[in-house]
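The structure under discussion appears below in the form of structure tokens.
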Amino acid sequence: MGTRCRFRRPSPVQEPPLIDLGLDLVERDGWAVLVVSGEVDVATAPRLRERLIELVNRGHHRIVVDLVGVEFLDSTGLGVLVGALKRVRTHDGELALVCAEPRILKVFEITGLTKVFSIFGSVDEAVGAG
Amino acid sequence: MGTRCRFRRPSPVQEPPLIDLGLDLVERDGWAVLVVSGEVDVATAPRLRERLIELVNRGHHRIVVDLVGVEFLDSTGLGVLVGALKRVRTHDGELALVCAEPRILKVFEITGLTKVFSIFGSVDEAVGAG
Amino acid sequence: MAETVALEIPARPDFLALARLIVAATAAADPLLPEDRIDDLRLAVSEACTNAIEAHQRVGSEQSNIRIECRLSPEQVEVEVRDHGAGFDPDVLVDHPPATDPARLDHERGLGIPLMRVLTDEVEFRSTTDGTTVRLVLRVSAVRRGR
Amino acid sequence: MAETVALEIPARPDFLALARLIVAATAAADPLLPEDRIDDLRLAVSEACTNAIEAHQRVGSEQSNIRIECRLSPEQVEVEVRDHGAGFDPDVLVDHPPATDPARLDHERGLGIPLMRVLTDEVEFRSTTDGTTVRLVLRVSAVRRGR
Ligand SMILES: Nc1ncnc2c1ncn2[C@@H]1O[C@H](COP(=O)(O)OP(=O)(O)O)[C@@H](O)[C@H]1O
Ligand SMILES: Nc1ncnc2c1ncn2[C@@H]1O[C@H](COP(=O)(O)OP(=O)(O)O)[C@@H](O)[C@H]1O
């Protein structure tokens, strides 16, 4: 059933982690690669933001955000990425995006953000170009 | 997007076939095997009923209905199968079901219809037993 | 505090799948409901919606909507299906012959309400000549007790 | 003849995914809408719902519902998102600096309405101090013309 667990309500008992946003960290060639999966919207974007802030605070200033596993990305998600780019720039760092899905790329295109971000087709290209 | 095309509305132009019920016929060892896929409910059951009636009318009295690809089956679907069993019996024929999914088997169990139908785990077993 | 998700669909078989979709997705918000219980609820609600759609068809009002309301609370998931058909008396329903009786095969219908009763923890019908509301309840505690 | 599917959800981010689910599934009923246009509509509606949810949060009424109404007709798919927030003036919105201006990075918000405008064929805001209704339209003819 593909409809299961898109969201969770507050519950009286301890709650399992939300399963609609995956955030996995891989380190490669001096880059912190954050692999994002699921849906990035106003419900889940705060977790993405926190995670990116935490990375920068821990000294990671070369970050790749891998969006290949992202099924949905809205303006809130774009805002989080803009904020993260600004944050790494204040540390003279870099932020690269990996995105291959036309549906997600389109959101960057129509907002003009393809001119703001470096977007690559694979993590290899992103860390190679850095 | 797993949500696409569960149903179709009437349209002014010619309509593509509904994609939520698959009905494929295979003949094996003297059995007509009707492979059903998708969701069997009040919207789609009439097509299953027609197809089964047509098979019997064309002289197929030994029928296997393969429900392995069925994701959803409701009481309307059960009714169609009961009607088909009655129909083949009037021709001294047989109707066997193939079903492995606990979710679908459960519907037969709680309605007592496991006692009415011969239910097998695979088409091989169904045609072998006949 | 209960949270309510409501869906209104035309009283037409084509839209049944939408009702199932929303009930399953809403019930999945309850981390304590295992997937097989959600399947049970989905089928029970689908049966109730089928009856609602047929009730509208009988009075020729396929144009008006049926409403499916899901209420989540810590104790239970409750779904109400409301139609504007002609109503019925839930206490006067045909029983089927036993499965072993050959006459069982004469009955292709009448399994919807029995299914609802087995699949959920509570079924309630409120029916008048202006329409019917079916209330289906899954208790979360019944799940926790390993039901 | 238009067919209407309506969804009501609590004004909470958790329920946004349900709105997307129902809009995509309803729009998919139109065999003439290609999948990428359904994706466009899904994102546009999601943005409108996000704004509705935030509008409710600002006035502290997360408890009341927002309503998403999808109307299918042969010519178009129309979605209305109705909230009970404090309203706003859609003609007074902040413009972003151009993408090449370093100051662009100071703006993390304000992309929702621009996205809605590009992704759909028509956007209309009706806003009073009692709430806002956003109407989003995809024309089927625009699709057929290969838009
Ligand atoms: N919402 C309803 N409005 C009017 N009549 C109903 C409704 N639900 C059920 N009924 C009546 O109860 C009967 C039994 O329903 P059910 O057990 O679901 O079997 P079936 O729908 O296959 O007949 C229906 O045939 C119908 O006459
Ligand atoms: N439904 C609404 N109710 C009240 N205000 C709204 C509504 N929709 C949009 N707005 C206002 O318009 C602004 C711009 O919206 P938008 O372009 O979606 O960007 P963002 O939501 O990121 O600020 C919002 O910040 C809000 O002030």
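Note that these values count all heavy atoms, side chains included, but never hydrogens, waters or copies made by symmetry. The chains referred to below are lettered A, B, ... by the order of the sequence lines, with proteins before strands, and numbering in each begins at 1. Everything numeric in this text was worked out from a predicted model, so none of it was measured.
Within residues 43-51 of chain D, the residues that have a heavy atom under 4.5 Å from a heavy atom of chain A are Leu43(D), Ser46(D), Glu47(D), Thr50(D), listed by number.
For the atom pair His107(D) NE2 and Leu78(A) CG, the distance stands at 15.0 Å (nearest 0.5 Å). Of the inter-residue distances, the one linking Asp40(D) atom CG with Ile110(A) atom CD1 reads 7.0 Å to the nearest 0.5 angstrom.
Contacts with chain D were tallied for Gly79(A), Pro102(A), Gly112(A); Gly79(A) has the most, counting heavy-atom pairs under 4.5 Å.
Scanning both residues, Glu108(D) and Arg49(A), for their nearest heavy atoms gives OE1-NH2, 4.0 Å.
A heavy-atom distance below 4.5 Å is found between the side chains of Asp41(A) and Arg20(D).
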List the atom pairs, donor and acceptor, that lie under 3.5 Å between side-chain atoms in residues 80-91 of chain A and the rest of the protein, sequence neighbours left out.
from	atom 1	to	atom 2	distance (Å)
Lys86(A)	NZ	Asp106(D)	OD1	2.6
Thr90(A)	OG1	Arg87(A)	O	2.6

For residues 115-123 of chain A, tabulate all N or O donor-acceptor pairs below 3.5 Å that involve a side-chain atom, not counting sequence neighbours.
from	atom 1	to	atom 2	distance (Å)
Ser122(A)	OG	Glu125(A)	N	3.2
Ser122(A)	OG	Glu125(A)	OE2	3.3

Per-pair distances, 0.1 Å, donor-acceptor, side chain in residues 88-103 of chain D, under 3.5 Å, sequence neighbours excluded:
from	atom 1	to	atom 2	distance (Å)
Asp89(D)	OD1	Asp91(D)	N	2.9
His96(D)	NE2	Arg109(D)	O	2.7
Asp101(D)	OD1	Ala103(D)	N	2.8

Legend entry - Stepwise salt bridge (charged side-chain N to carboxylate O under 4.0 Å, His left out) check, Asp39(D) with Lys106(A): CA-CA 11 Å; Asp39(D) 286 338; Lys106(A) 182 173 183 176; over 6 Å; no
